[in-house]
Amino acid sequence: MKKISRREFIRLISKSAGAAAAMQLLNACGMTPAVDSATPTNTPFGPAGQQLTKMGSIAGAVVPTGTPLPSGTPTPTTPPATETSTPAANPAYLAVARGGDDPEALVRAAVEAVGGMGRFVPSGANVIIKPNVCTSNRIYEGAATTNPWVVGALVKMCFEAGAGRVRVFDYPFNGSSPANYQTSGIAGQVLAAGGELESVDWNKFRQTSLPSARSLRSAAFYSAVIDADVVINAPIAKHHGGAGLTLGMKNLMGVVQDRVAIHGDLHPRIADLADFIRPELTVIDAVRILTANGPISQSLNDVRVMNTVIASADIVAADAYATRLFGWTDPNRLGYVRIGHEIGLGRSDLENLEIEEIPVV
């Protein structure tokens, strides 16, 4: 009997119910979807504008709702033809890169230490990168959305490893996908690296049963994520008023249609989501972190520059380590981390893990 990967198994079971079932569920709940129907998938949106700097001033980071977005349409570059990269020998279980003034250098150092992108991305792979692009009224310096240079670096590295297609996707809770990609600065970086921007298409949500879940028995997942060969999770580390912190596991709420249902039993259902999706790689952006009043603060006083990137194949370990950035001494204080460890999704016992700390000049 032919063996199949976990990702192939997810595809098979998720195709047992389609978008029609998802729409029936939403209609029954009286919910009206916010669809990006006027904007085709992969529209080349303009860059976020000249206010963006990799590590510079955070003055003016809050953009009021309704502020016109800068014009301009960058032309995607053609990814370079490269040989498939060879995974590094003896990779660290988790890597933390710190310092310097270049987010891309941090990403490259951390990912290389855990085995290199070739460990996670096979030649010809269809890759989805899932950042946090939750809102259209904050530029990245407000630490509500993933740093655009972190996302752009991941796109580049996937192509360098031999990926056939690389898309960036998030289902925002505020604003449309095009506006969010542009305001955050992610549009410009992704397109410059040759990647694509996946706008939300309501018909691509697929109702799926989770028979092994502890709390979330069914959800409508975005099919492009389920059907991808490789999922790379790229959250920003930030405070969250309800969950405590938004990190890798919670970032996966952006691939399901009904987030309200997740909040009904938040920490167990976040763990169920992560257990189902199981991204191949988690890269946590802590170039800037939001220390209070999240998920979208009104004050730049809540933003702290950390110049740090965390990478691991273990989403629980990555999240557990990231709690340290907020001064937490016990990662299991974060409910979904504790549950993730208990169910065997990953490990929060950091003292027993091989962790490589990398200074980046």
Side-chain angles (χ1 to χ4, degrees), residues 31-54 58-76 128-152 154-155 166-205 222 224-225 234-236 238 240 246 251-260 285 287-288 290 294-298 300 303:
M31 297 177 65
T32 302
V35 189
D36 293 335
S37 57
T39 307
T41 301
N42 304 325
T43 298
F45 314 116
Q50 297 302 313
Q51 77 275 23
L52 297 178
T53 57
K54 290 184 182 181
I58 59 174
V62 179
V63 180
T65 303
T67 300
L69 297 176
S71 60
T73 303
T75 302
I128 287 283
I129 298 172
K130 168 59 177 75
N132 189 329
V133 198
C134 60
T135 183
S136 62
N137 58 14
R138 299 289 187 279
I139 62 174
Y140 88 94
E141 288 167 316
T145 57
T146 305
N147 185 290
W149 286 276
V150 168
V151 180
L154 291 171
V155 174
V166 182
R167 284 175 289 171
V168 169
F169 170 77
D170 191 17
Y171 171 33
F173 66 74
N174 176 302
S176 68
S177 299
N180 291 23
Y181 292 143
Q182 184 174 343
T183 305
S184 67
I186 284 174
Q189 295 302 311
V190 169
L191 293 170
E196 304 172 46
L197 298 165
E198 173 82 16
S199 291
V200 175
D201 179 345
W202 202 257
N203 294 317
K204 289 186 179 180
F205 283 100
Y222 201 71
V225 176
I236 185 170
K238 62 181 181 178
H240 187 275
T246 289
N251 189 50
L252 296 177
M253 287 178 63
V255 307
V256 295
Q257 196 171 50
D258 185 4
R259 276 185 287 256
V260 174
D285 161 31
V287 176
R288 287 177 173 83
L290 188 62
I296 303 176
S297 172
Q298 300 293 329
L300 294 175
V303 177

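Model, not experiment: these values are computed from the prediction.
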Compute the centroid of each ring, for Y222 and then for F169, and state whether the two points are separated by less than 6.0 Å. yes

After noting the C-alpha distance and the side-chain angles of F205 and V200, does the key distance pass the side-chain contact (heavy atoms from CB on, under 4.5 Å) rule? CA-CA 9 Å; F205 283 100; V200 175; 3.9 Å; yes

When you compare the side chain of L191 with that of L197, does any pair of heavy atoms fall below 4.5 Å? yes

At their closest point, which heavy atom of N180 faces which heavy atom of P172, and how far apart are they? ND2-CB, 2.9 Å

Is there side-chain contact between T145 and T135, with heavy atoms separated by less than 4.5 Å? yes

If you compare all heavy atoms of E141 against all heavy atoms of R288, which two are closest, and at what distance to 0.1 Å? O-CD, 3.7 Å

Evaluate Q257 against K204 for side-chain contact (heavy atoms from CB on, under 4.5 Å), listing each step before the verdict. CA-CA 10 Å; Q257 196 171 50; K204 289 186 179 180; over 6 Å; no

Within the side chain of Y181, is there an N or O that forms a donor-acceptor pair under 3.5 Å with the backbone of V133? no

Does anything in residues 176-191 form a salt bridge (Lys or Arg N to Asp or Glu O under 4.0 Å)? List the pairs, not counting sequence neighbours. none

Residues which pass side chain to side chain contact (heavy atoms under 4.5 Å, CB included) with N251, listed by chain and number, not counting sequence neighbours: K130, N132, N233, P235

Between D285 and N147 (side chain of the first, backbone of the second, donor and acceptor by atom type, cut-off under 3.5 Å), is there such a pair? yes

How long is the gap from CG on L290 to NZ on K238, to the nearest 0.5 Å? 7.0 Å

For I129 and A234, work out which heavy atoms get closest and say how close. CG2-CB, 4.2 Å

Is any side-chain heavy atom of S184 closer than 4.5 Å to a side-chain heavy atom of P148? no

Looking only at heavy atoms, what is the nearest atom pair of I186 and T146, with distance? CD1-O, 3.7 Å

With a 4.5 Å heavy-atom cut-off, do V303 and S297 have their side chains touching? no

Could you grab the distance from atom OG of S136 to atom CZ of F173, nearest 0.5 Å is fine? 10.0 Å

